[in-house]
Colleague: 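I have a structure here, written as structure tokens, and I will follow up with some questions on it.
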Amino acid sequence: MTIATVSGYPRIGLNRELKKAEEAYWKGKISADELQATAKDLRKRHWTIMQEAGLDHIPCNDFSFYDQVLDMACLLGCIPERYNFPGSKTVDLDTYFAMARGEQTDKRNVTAMEMTKWYDTNYHYIVPEFAADQTFRIASTKIFDEFAEALEAGIKNARPVLIGPATFLSLGKPKDEFAPMTLMAQIVPVYIEILKRLQNQGAQWVQMDEPCLALDLAPGAAEALTLAYDEITASVPGLNICLNTYFEGLRENTALTFSLPVQAVHVDLVRAPDQLDACILEAKKTGKILGLGLIDGRNVWRTDLEAALEKAGKAANTLGTNHVMIGASCSLLHVPFDLEIEKGHLDEEVYEWMAYARQKLDEIVTLAKGVADGRDAVAAEIAASQAAVKSRRESPRLHNLKVRARTEAVDEKMLTRENPFSVREDLQKSALNLPLFPTTSIGSFPQTPEIRKARAAHKKGEMAEDAYQAAMKKEIETVVRFQEEIGMDVLVHGEPERNDMVEYFGEQLSGFVFTKNGWVQSYGSRCVKPPVIFGDVERPAPMTVPWSAYAQSLTDKPMKGMLTGPITILQWSFVRDDQPRAQTCAQIALAIRDEVVDLEAAGIAVIQIDEPAIREGLPLRDADRAGYLRWAVDSFRLSASGVGDKTQIHTHMCYSEFNDIIDSIAEMDADVISIETSRSQMELLDAFIEFDYPNEIGPGVYDIHSPRVPDVQEMVRLLEQAASVLKPEQIWVNPDCGLKTRGWEEVRPALKNMVAAAKTMRERA
Ligand code: GLN
Ligand code: ZN
């Protein structure tokens, strides 16, 4: 038999039921029991879907109320002291949510644990905290309960999913100076206890996720992994372990991975198709079952089943059909739930090219059947897949000759401003006439309920174009007057007309479609609905010019035009997979370039191109990073370099630490960059001790992710810190990020204080 399986299934539900139930629970509108009942119902529904699709192994414990790393931390008893959690009990739901979100009640006043991106996805996980004297113990029964629940629901081959010990340790942050991998000896006994319990409950297989094997291994990790798995497998004879890797190829870790004493190894053949032969060879040598991740778990396109079956057949020929497992490249958590729901909403042709999680199950089962019973057994499915692949490949809507010719004609000159920054600087200074420590904001102002209501009504056609325009203009005027009143130097229009910084542009560019229900979990109850880029990208008409020109007409101060950059648009979309991402990015860059040039022509002298996502696109392997940074930086430069020297280009970055790519950020050659720093106490500035940042920079002094209003002194202190490593002429004064999630009652005093802080610095200079 050829095993059909997946590493995980979306947990939020077809209609985001989990999100809604969780948020209701947090607001006190439903009880814990009601929340648990919804969760139980969702799990059962999802298992049933997988069973009915015909999967042989069905994951369980891939469900989570927040994220699987936090679940693992609870399972292993890794609960930081501040949650004041008694050492003998199992973690209760409220402690669990306190760890994820913080808690401010009479019972407890604690901050949340840190959250960061799950490898190179847009999904986030809660970062485990390790103390040097960290101990581990089973502190959650979730995995056992869910396995029992699956059995009870009649799911025969339920396969509990765990994050493996090496990956779990690699994801955590030590509180003191020590390498987390040194905790392996303490953590392994707890894993053994967990696996024994699962085996006693009747588990035949468990899935251990060890994506760290597909990355550059930390020093000592190889030895630690070998010791750990030797001990684990010796302690639970008879239990089959499937070691799961994803998001990259095993490369130099291939032999190590297959040498571990497990029954099966799953590899990602979408991200790293070239590793197939090496993996077949190693699987043959070590007698293992090879898990083939042939279906893309990170994107929404239908699989070319003919090509995939050929690869699977190659593995089966060498290993035997019963030594091959078919799956998605990674958990299906990263794709939306069921395409069916888009019928009638999504562009009909594009619909035929796509597959969500539910459709991907069918592809997996088809492939497994094809391997076991031969191609003829699945001839109809393959024909349908071929037709879809062909229709997509040959669709005239994919290709725009004009765009192709333009991207091919891009040369060094188009990537470069007329003169170097040293020349531009003086020209801009005299054109803009700004004081030292100039103040500005990142773009958006509070998105009030009235703004949201007007936008929604306009979208539904319930508000006439004229009325909508008037409402937005009124908003813009309010924002402009406020900034003038408090004495800001470079103004913004406030972005009231934008629902989302990517969607707003995508909707006006060709080559994009928008789904109705393509939700993907980002973290906890938060979901995102990425646009789908299916074809060549072009800008048919100006996208922001009328708004910015109107805003500029209201004031004599410089009005900053606001755009989203090409890398961020790429990074936050489902991207076509029939050409390199770099090429799609260059097309988007040209579209943004056109907008930049048009803004300049309309009299906008300062233009910001936001690139908050530049860091998260960084490849997971060191060896690949330089290549990515090259095309990413070039795309930004392409978008920004069409203007004259006097026009000042800004960019903005947030959500990550940037110290390790600071030289690439400098290469982007934006005249001014605003960058998130206030929460990390200006950790960023460490980078400038060594690195002489050439252009101007505004390290954020107001943490907009918190409802707190910072006082003048606090911001002066942050600016003093900045002034200790940067020249005063280089420093801008601005918040960390856009203000759209904040209320006016916080923004008003905070920005007033910010302007006062800038004045203090100016007077001293
Ligand atoms: N200009 C955007 C805003 O102010 C930037 C948002 C972001 O960086 N995520 O909302
Ligand atoms: Zn930001």
Side-chain angles (χ1 to χ4, degrees), residues 115-117 122 124 439-448 451-452 455 472 475-476 479-480 482-483 488 490-506 522-523 526 528 530-531 543-544 547-548 551 559-573 592 595-596 599 604 606-617 636 639-640 649-658 665 668 670 672-680 684 697-706 732-744 746-747 750-751 754:
M115 186 164 72
T116 195
K117 295 229 169 189
N122 207 359
H124 301 67
T439 51
T440 191
S441 67
I442 309 305
S444 57
F445 264 71
Q447 294 236 331
T448 59
I451 297 179
R452 290 175 196 278
R455 237 185 10 235
M472 293 299 118
E475 253 328 300
I476 290 171
V479 167
V480 171
F482 168 72
Q483 295 172 90
M488 295 276 273
V490 172
L491 312 196
V492 297
H493 77 288
E495 304 178 21
E497 77 287 8
R498 302 185 191 177
N499 39 359
D500 171 276
M501 66 185 290
V502 171
E503 196 169 73
Y504 180 77
F505 290 94
S522 172
Y523 61 85
R526 220 191 121 81
V528 294
M543 305 181 281
T544 65
W547 295 115
S548 288
M559 176 60 57
K560 184 159 68 167
M562 301 298 315
L563 304 172
T564 301
I567 306 141
T568 299
I569 293 181
L570 185 84
Q571 204 57 37
W572 292 351
S573 302
I592 300 298
E595 188 72 13
V596 170
L599 280 169
I604 304 297
V606 183
I607 301 165
Q608 178 170 311
I609 308 169
D610 290 326
E611 285 292 19
I614 191 162
R615 176 66 173 75
E616 72 188 55
F636 180 85
S639 70
I649 297 288
H650 289 218
T651 188
H652 163 72
M653 283 169 207
C654 53
Y655 299 129
S656 320
E657 289 159 19
F658 294 99
I665 292 177
M668 290 164 71
V672 182
I673 172 173
S674 62
I675 194 159
E676 175 178 331
T677 40
S678 73
R679 188 167 284 197
S680 63
L684 169 85
I697 183 159
V701 291
Y702 163 22
D703 175 11
I704 64 91
H705 295 106
S706 164
W732 282 66
V733 181
N734 47 258
D736 258 350
C737 194
L739 303 167
K740 76 172 178 199
T741 56
R742 297 264 64 91
W744 271 105
E746 302 148 16
V747 164
L751 289 185
M754 191 185 87

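Atoms within each ligand, like the ligands themselves, are counted from 1 in listed order.
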Colleague: Just to be sure I understand the cut-off, which residues have at least one non-hydrogen atom under 4.0 angstrom from an atom of ligand 1?
Modeller: I442, G443, S444, E495, M501, M562, D610, P612, H652, C654, Y655, C737, G738
Colleague: Under the salt bridge (charged side-chain N to carboxylate O under 4.0 Å, His left out) rule, collect the residues that match up with R615, sequence neighbours excluded.
Modeller: D660
Colleague: Can a donor-acceptor pair be found, under 3.5 Å and without considering hydrogens, that links the side chain of H650 to the backbone of V672?
Modeller: no
Colleague: Ignoring water, what protein N, O or S atoms are under 2.8 Å from the Zn ion (ligand 2)?
Modeller: H652 NE2, C654 SG, C737 SG
Colleague: Examine distances only and state if a side-chain atom of T568 and a backbone atom of T564 form a donor-acceptor pair shorter than 3.5 Å.
Modeller: no
Colleague: For the residue pair F482 and F445, categorise the inter-ring angle as parallel (less than 30°), tilted (30 to 60°) or perpendicular (more than 60°).
Modeller: perpendicular
Colleague: Can any side-chain N or O of E611 pair as donor or acceptor with the backbone N or O of I567 at less than 3.5 Å?
Modeller: yes
Colleague: So, does E497 use its side chain to make a donor-acceptor pair with the main chain of R455 at under 3.5 Å?
Modeller: no
Colleague: List for me each residue that meets salt bridge (charged side-chain N to carboxylate O under 4.0 Å, His left out) alongside E475, sequence neighbours excluded, and say none if there are none.
Modeller: none
Colleague: Output yes when a side-chain donor or acceptor of Q483 lies under 3.5 Å from a complementary backbone atom of V479, and no otherwise.
Modeller: yes
Colleague: Using atom types as modelled and distance alone, determine if a side-chain donor or acceptor of S706 lies under 3.5 Å from a backbone N or O of D703.
Modeller: no
